[in-house]
Amino acid sequence: MHEYTSTIRVWGLTCPGFPEEVSRARRWTRDILRDSPLADDAELIVSELSANAILHTASGRQSGSFSLAVEVSPQMVALSVTDNGGTGTAPKVEHKDADAEHGRGLGMVSAIAHRVVVRDSDKGHTVTAELFTDAGRGAQPCG
């Protein structure tokens, strides 16, 4: 392999903080992962994380936005959504009962993903969900 060649590919997209942009984020993710058996799970995760960014942070306010990154390697798919912050607390996984109307999104994401990482910064929060391929199961992810 050439020293500047990598088996990891990364895509990025920034969307205005409008509710209809969640469907664009979903389609974009599906297009990138169209040949992957992880596409359905990835699409659901991106949908949930994007909706959370719009509903619960400054991303959904006037001139708000959210950013997505999809990282694909032979071992895993990592899906990251970064919001504009504006809340006093970082997103966290809550285990609500099945009848709850709100607050189950990150719990659902953590049930689907092999690992969920939340990073907090002055500019916002980034939630990354990692899905391991069969090649990556049992392997320790970098990071």
Side-chain angles (χ1 to χ4, degrees), residues 1-61 64-98 100-143:
M1 176 189 293
H2 190 273
E3 70 179 298
Y4 298 112
T5 303
S6 173
T7 58
I8 299 173
R9 301 206 53 202
V10 180
W11 291 262
L13 176 70
T14 299
C15 298
F18 303 127
E20 57 270 20
E21 293 297 312
V22 173
S23 63
R24 180 166 78 130
R26 230 181 4 249
R27 285 190 311 273
W28 179 77
T29 302
R30 167 129 340 249
D31 287 347
I32 291 168
L33 299 172
R34 68 181 151 266
D35 296 326
S36 171
L38 301 174
D40 290 338
D41 288 344
E43 185 178 3
L44 180 61
I45 288 169
V46 163
S47 180
E48 192 60 44
L49 297 180
S50 300
N52 283 351
I54 292 170
L55 289 171
H56 302 296
T57 74
S59 292
R61 296 181 192 149
S65 63
F66 62 97
S67 298
L68 295 102
V70 175
E71 180 180 328
V72 179
S73 75
Q75 293 78 30
M76 78 174 186
V77 171
L79 310 150
S80 298
V81 174
T82 302
D83 64 42
N84 291 148
T87 61
T89 60
K92 64 181 178 203
V93 176
E94 296 180 333
H95 297 285
K96 303 276 186 167
D97 64 31
E101 291 185 26
H102 299 287
R104 296 183 323 204
L106 272 182
M108 179 180 63
V109 168
S110 70
I112 296 169
H114 294 101
R115 183 167 87 154
V116 176
V117 177
V118 178
R119 290 189 176 85
D120 195 16
S121 76
D122 294 339
K123 297 178 183 179
H125 314 101
T126 299
V127 180
T128 301
E130 298 173 347
L131 299 167
F132 300 134
T133 63
D134 289 336
R137 290 189 195 274
Q140 292 298 318
C142 299

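Numbers here simply count residues along the sequence, with the first being 1.
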Q) Is the closest side-chain heavy-atom distance between Val77 and Asp41 below 4.5 Å? A) no
Q. What distance separates Thr57 OG1 from Asn52 CG, expressed to the nearest 0.5 Å?
A. 9.0 Å
Q.
Restricting to non-hydrogen atoms, name the atom on Gly86 and the atom on Ala58 that form the minimum distance, rounded to 0.1 Å.
A. CA-CB, 4.3 Å
(Q) Applying side-chain contact (heavy atoms from CB on, under 4.5 Å) to Arg30 and Asp40, what does each step give before you reach the verdict? (A) CA-CA 8 Å; Arg30 167 129 340 249; Asp40 290 338; 2.3 Å; yes
Q) Counting distance only, does the side-chain N/O of Asn84 pair as donor-acceptor with the main-chain N or O of Ser65 below 3.5 Å? A) yes
Q | Heavy-atom pair of closest approach, residues Thr128 and Ser80 | A | OG1-OG, 2.7 Å
Q) Is a side-chain N or O of Ser47 found less than 3.5 angstrom from the main chain of Glu43, in a donor-acceptor match? A) no
Q: Measure the spacing between CG of Leu33 and CG of Leu131 and express it to the nearest 0.5 Å.
A: 9.0 Å
**Q.** Closest approach of Asp83 to Gly85 (non-hydrogen atoms, all atoms of both residues)
**A.** OD1-N, 2.7 Å
Q. For the residue pair Thr14 and Ser67, what are the closest heavy atoms and their distance?
A. OG1-OG, 3.1 Å
Q | Straight-line distance of Asp31 CG to Arg24 CZ, nearest 0.5 Å | A | 12.0 Å
Q) Checking Ser50 side chain against Val22 main chain: does a donor-acceptor pair fall under 3.5 Å? A) no
Q. Are the side chains of Leu68 and Val70 in touch, meaning some heavy atoms are under 4.5 Å apart?
A. no
**Q.** Between CZ on residue Phe132 and CD on residue Glu130, distance to nearest 0.5 Å
**A.** 5.0 Å
Q: Working to the nearest 0.5 Å, report the span between CG of Leu38 and OG1 of Thr29.
A: 12.5 Å
Q) Do you know which two heavy atoms are closest between Glu71 and Val10, and how far apart they sit? A) CG-CG2, 3.8 Å
Q) So, for Phe66 and Pro16, which heavy atoms are closest and what is the spacing to 0.1 Å? A) CE2-O, 3.6 Å
**Q.** Non-hydrogen side-chain atoms of Ile45 and Val81 separated by less than 4.5 Å
**A.** no
Q) If we only count heavy atoms from C-beta on, is the Met108 to Leu44 side-chain gap below 4.5 Å? A) yes
**Q.** Between NE2 on residue His56 and NE2 on residue His125, distance to nearest 0.5 Å
**A.** 12.0 Å
Q | Side chains of Leu79 and Val127 in contact at under 4.5 Å (non-hydrogen atoms) | A | no
